[in-house]
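Start at 1 and go down the list; that is how both ligands and their atoms are numbered.
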Amino acid sequence: MGYKIGTHFTPHWKVVNYFQHVAANASATMKLQQYGETNEGRPLLVSFISSAENIQNLENIRKNNLRLANLSVDRMAANETTPAIVWLSYNVHGNEASSTEAAMMTLYALVDPSNTKTKEWLKNTVVAIDPCLNPDGRDRYVNWFNSVVGKNYNASLDAREHSEPWPGGRSNHYNFDLNRDWAWQTQVESQQRIKIYNDWLPQVHVDFHEQGINNPYYFAPAAQPYHEVITPWQRDFQVTIGRNHAKYFDENGWLYFTKEEFDLYYPSYGDTYPIYNGAIGMTYEQAGHSQGGLSVVKDDGDTLTLVDRVMHHYTTSLSTIEISSQNAARLVKEFHKFFNDAVTNGVGDYKAFVIKNTPANEERVKTFLQLMDRNKIVYNLAKGGNATGYNYNTRKEENFSLFGLFRAP
Ligand SMILES: [Zn+2]
């Protein structure tokens, strides 16, 4: 980069160059894929890092993983002896900019030939790194910051570099919050990303964020109560991961909290969408969003630097991979069980939902089925017969006939 990570904000094009450089020089253990482009034409990237053996076998690992989720079209039996997949998503909110810097450090640690620890983890783990989910928002923040910071940064909160102008870098080009868009996919970034995400369906997913400058670091477990569909295993493993992070934070004397904020209800976040799709989905929150700059004096008089922020996200990145590797077999087994249970037992009061099509609502049904397809939710077209069920319009139990008259869109 020409500088130590955390001493400058890296513009997105340089991040892209770095990932391409590493992919070209570590091709045996890393595969880089461009999965799309933003509204402003910036590339959207995901890189897969694992042992050379796993990278050679990557497409088979992916296909087998979909079989574990009952989503395979080839109907071959799923193999549970397979690497766990850990997906790390950085910088969905553009002005929470430390995490993309941490993504570069994480990549370096994974491909560094002298790092024997990560080499061990990657034997049974495939790591996917998306270095920046919102490049347009990130560059809006970073380009602004780099244009106002002096030769030396000013840590006083009164300095201009800590007052980001409207609309800020949080949202994408159309000022849409991409961390509300996982399920609905109204934005091009989400549409392209969820497609590749659902082609993989990792066992562990982390969404890296930043919060106000005065907060300690937040990691899992999330705030209770949890939605009832979240399984005991998904609850327990969040605790296991949190304990592993706590070990490193305690060693370094870094403050953190768990359980107090960040719920798991709304289905369209970067933690909940993966959870509702069988993963251990989590949000990690570092202090520093928007106001942090390269260094800022907090309310308690202590100074928070970008180097600190990057180190914390880097530490939880590696800790997540470590603990997932140590539990890879169990992660895969429980993931398989999640999808088998969904088919054999189901969750909730009803086994199936019937959507009625009429000429008047045909367009809406078409749009609805498109949303189902994007989320890989399986459905069938009725072929006739009778059924009994709760009618949401009349609010009564009713008998009704199913007609096989639906014209597939
Ligand atoms: Zn955020």
Side-chain angles (χ1 to χ4, degrees), residues 9-10 12 15 38 44 87-103 106 129-142 144-145 162-187 189-190 193-194 197 205-223 238 245 256-275 281-293 296 298 304 306 308-317 320:
F9 279 107
T10 310
H12 186 254
V15 178
T38 66
L44 293 162
W87 193 291
L88 305 175
S89 291
Y90 296 90
N91 222 157
V92 63
H93 290 144
N95 60 3
E96 302 173 5
S98 74
S99 75
T100 289
E101 312 287 341
T106 305
I129 294 182
D130 184 334
C132 188
L133 278 65
N134 179 13
D136 292 352
R138 178 185 169 82
D139 267 2
R140 194 181 313 131
Y141 173 75
V142 168
W144 166 78
F145 182 86
H162 302 292
S163 297
E164 187 189 14
W166 188 90
R170 178 183 177 90
S171 53
N172 75 345
H173 176 82
Y174 286 107
N175 288 339
F176 201 95
D177 186 333
L178 296 179
N179 193 33
R180 304 293 182 272
D181 198 35
W182 278 71
W184 326 124
Q185 296 158 47
T186 66
Q187 303 299 300
E189 291 89 352
S190 315
R193 189 181 70 256
I194 303 297
Y197 181 89
H205 179 264
V206 184
D207 203 29
F208 288 87
H209 286 262
E210 287 192 310
Q211 50 185 339
I213 58 171
N214 293 304
N215 281 352
Y217 197 96
Y218 163 80
F219 48 71
Q238 282 189 70
H245 298 343
Y256 57 90
F257 70 98
T258 61
K259 295 182 185 175
E260 288 175 40
E261 276 181 61
F262 308 112
D263 66 273
L264 296 176
Y265 272 111
Y266 175 70
S268 202
Y269 290 134
D271 50 11
T272 45
Y273 187 90
I275 276 221
M282 296 169 297
T283 292
Y284 297 166
E285 297 268 357
Q286 163 62 41
H289 119 278
S290 177
Q291 288 187 308
V296 69
K298 301 185 292 173
L304 174 70
L306 181 60
D308 298 331
R309 290 154 61 192
V310 175
M311 280 310 293
H312 300 165
H313 269 337
Y314 168 67
T315 301
T316 54
S317 297
T320 302

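Near the Zn ion (ligand 1), less than 2.8 Å away, sit the protein N, O or S atoms His93 ND1, Glu96 OE1, Glu96 OE2, His209 ND1.
In this structure, the separation between CG on Asp130 and OH on Tyr197 is 12.0 Å, given to the nearest 0.5 Å.
Gln187 pairs with exactly one of Thr38, Asn172, Asp181 by the side chain to side chain donor-acceptor pair (under 3.5 Å) rule, that one being Asn172. Of the candidates Asp207, Asp177, Asn134, Asp177 is the only one forming a side chain to side chain donor-acceptor pair (under 3.5 Å) with His93.
Judged purely by distance below 3.5 Å, without hydrogens or angles, the side chains of Ser89 and His205 pair a donor atom with an acceptor atom. Side chain to side chain, Glu164 and Asn95 meet the donor-acceptor criterion of an N or O pair below 3.5 Å.
Taking Ala287 as the reference, Leu304 meet the side chain to side chain contact (heavy atoms under 4.5 Å, CB included) condition, with sequence neighbours excluded.
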